[in-house]
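Structure record follows, encoded as structure tokens.
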There are 2 protein chains.
Amino acid sequence: MLQEERQNIIINQINLHHKVLTTDLSKLLNVSLDTVRRDLHELEESGRIVKVHGGAVSKSFHIPFQQPKVYAREEKKEVAHKALSIFKDGMNVLMGGGTIMLELARIIPKNHKGTVFTVSPLVALEIAQRSNIRVILIGGEVSHDAYVCTGPTVISQLSELHVDIAFIGANGLSVKDGLTDHDWDVVQVKKALMKAADRTVVMCISEKMDISQKLVVNPLRAIEILITELSPTDKRMQKYAKTMKVL
Amino acid sequence: MLQEERQNIIINQINLHHKVLTTDLSKLLNVSLDTVRRDLHELEESGRIVKVHGGAVSKSFHIPFQQPKVYAREEKKEVAHKALSIFKDGMNVLMGGGTIMLELARIIPKNHKGTVFTVSPLVALEIAQRSNIRVILIGGEVSHDAYVCTGPTVISQLSELHVDIAFIGANGLSVKDGLTDHDWDVVQVKKALMKAADRTVVMCISEKMDISQKLVVNPLRAIEILITELSPTDKRMQKYAKTMKVL
DNA sequence: ATAAATAATGCACGAATCAGCAAAATAAAA
DNA sequence: TTTTATTTTGCTGATTCGTGCATTATTTAT
């Protein structure tokens, strides 16, 4: 068996399973462990795979080490600042939960006037420090992980609400599935949030783009504006820019 | 299973649930606790997660609780500890707002089971960290000074509620006027809180005793239990002990 | 304060890796 | 073809890595 042939098989296996064990390859290809190891080494040299102890993984599967920089905080702040440009005095605004929304809440000017509805106690507390903003917290069962109000109470209150614009965060956004999330309760709430608003602004860091979670909140067309830390001219944004405004 | 694979699963779990327990991961991944711990350690070293006692949480998810300087903190803690003795597993409890209530929330055991209703976002967030307690936040307009939900929404939701016991703080308590307060909105909420509960526990530090505020919440007879930092045998408590239980 | 749960540390064992070397296979030259 | 050079493969021993266990500390709950 040719070396090249072997290495192609290895690449195929990795594409298939995202990972591969050195011992398995040895058996599969009927060559010694050393040969496999050497193959893996070459494939890594040419940057096609990532070698790990015991085998190798595909490049996409391998999450590169993120340097000690604080996790995506700066990106989120960047997103928040962009969102602030749509945040006008006198608006009736609905805000979801999550860390991005909290960043947005933090940078809202102290003298801003308006009304903010939110399902997040954290956002509510932050904004309540601004004396010219009425803060209405939509109450319900507080989820233990996301610290957001969920449940039928929230849904029914939101169904009686109508605001200009809703800001919500995203855990998954893709052209195929639209806005997606992994927690059933949260999905229900997000649906209700979007329904209650004329326009929806989705805010997320680019890391969440082209990712689909288990549950669908709404298709792409339900979103009017998308904000990420990337420039609107960035290549990754183009496929979204077709159906919505991006900034 | 490759180490890389395992660590990816851990990251996924954390992204999904925002927090994971070491023991759960051990079972899920079929490896020893030591291995999980080492994985968590490495993931923390590379700055991808934050390790906490018992497991780990997502780095993007740490609550920036502002801890404002609390007046008479020690006395309030003392009151809170006494109140804890009435706080039994399985109870349906209603909690008001204020710093004393927050102290109580803080010392509720992590493994307490039960349901807590509250009008205070701060209390709700504190208690939501206990996974065995259902926390229902009664939503409404968040007051700018006390950070408590107020307004008609709160009143109407409370009118539909019935719980075993309500814990509320006091800004004024006297034999003549009973429980009094100075903020109209807060008074309405406190009335509704007491109406929704079979029994009312009033918690305050002694300096609020024998003081009357502008507005009356309820007369003394509406209160079942009074808790202060003073001993039940203290001279100042005697006149209250005639109509209610004191501790 | 005491008991229980969780974490850190050191050690041992097996598995995986690496480097160097020799045998085998392949390619190139005489 | 034979010879020589080059590449590829397999093997050996030393070393590193990953894991689990036992012990000791630390934290948390009662």
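Just so it is clear: chains get the letters A, B, ... in the order the sequence lines come, proteins before strands, and each one is counted from 1.
Rounded to a whole Å, the CD atom of B:E44 is 15 Å from the C1' atom of C:dT6. Taking atom CZ of A:R37 as the reference point, atom C1' of D:dC11 lies 12 Å away to the nearest angstrom. Note: NE2 (A:H53) to C1' (D:dT19) measures 10 Å, nearest angstrom. Between B:L33 atom CG and C:dT9 atom P there is a gap of 17 Å when expressed in whole angstrom units. Going from atom NE2 of B:H41 over to atom C1' of D:dG18 covers 15 Å, rounded to whole Å. The distance between atom CG of B:D34 and atom P of C:dA12, rounded to the nearest whole Å, is 16 Å. As rounded to whole Å, 5 Å separates atom P of D:dT8 from atom CD of A:Q3. Taking atom CD of residue A:Q7 and atom P of nucleotide D:dT7, one finds them 15 Å apart after rounding to whole Å.
In terms of phosphate contacts, B:K51 brings no side-chain nitrogen or oxygen within less than 4.0 Å of OP1 or OP2 of D:dT27. Regarding contacts with the backbone of C:dA7, a side-chain N or O of B:T22 is found under 4.0 angstrom from either OP1 or OP2.
The closest donor-acceptor contact from the side chain of B:E44 to the backbone of B:K51 lies under 3.5 Å. A:T150 places a side-chain N or O within 3.5 Å of a backbone atom of A:E141 that can act as its donor or acceptor partner. Remark: the backbone N or O of A:V31 is paired with a side-chain donor or acceptor of A:S26 at under 3.5 angstrom.
Comparing atom distances between the A:T35 side chain and each of C:dA8, D:dG10, C:dC18 picks out D:dG10 as nearest.
Map B:G55 and A:T23 each onto its nearest nucleotide of DNA chain C; the residue landing nearer the 5' end is B:G55.
In the interface, the side chain of B:R38 is paired with the base of D:dG20 through a donor and an acceptor atom under 3.5 Å apart. Put simply, the side chain of B:R6 and the base of D:dG18 share no donor and acceptor less than 3.5 Å apart.
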Yes or no on side chain to side chain contact (heavy atoms under 4.5 Å, CB included) for B:M91 and B:I165, after CA distance, side-chain angles and deciding distance? CA-CA 8 Å; B:M91 264 185 175; B:I165 197 163; 4.2 Å; yes
Checking side chain to side chain donor-acceptor pair (under 3.5 Å) for the pair B:S206/B:E229: CA distance, chi angles, key distance, verdict? CA-CA 7 Å; B:S206 62; B:E229 85 280 13; 2.7 Å; yes
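No contact: A:V36 has no heavy atom under 4.0 Å from any strand.
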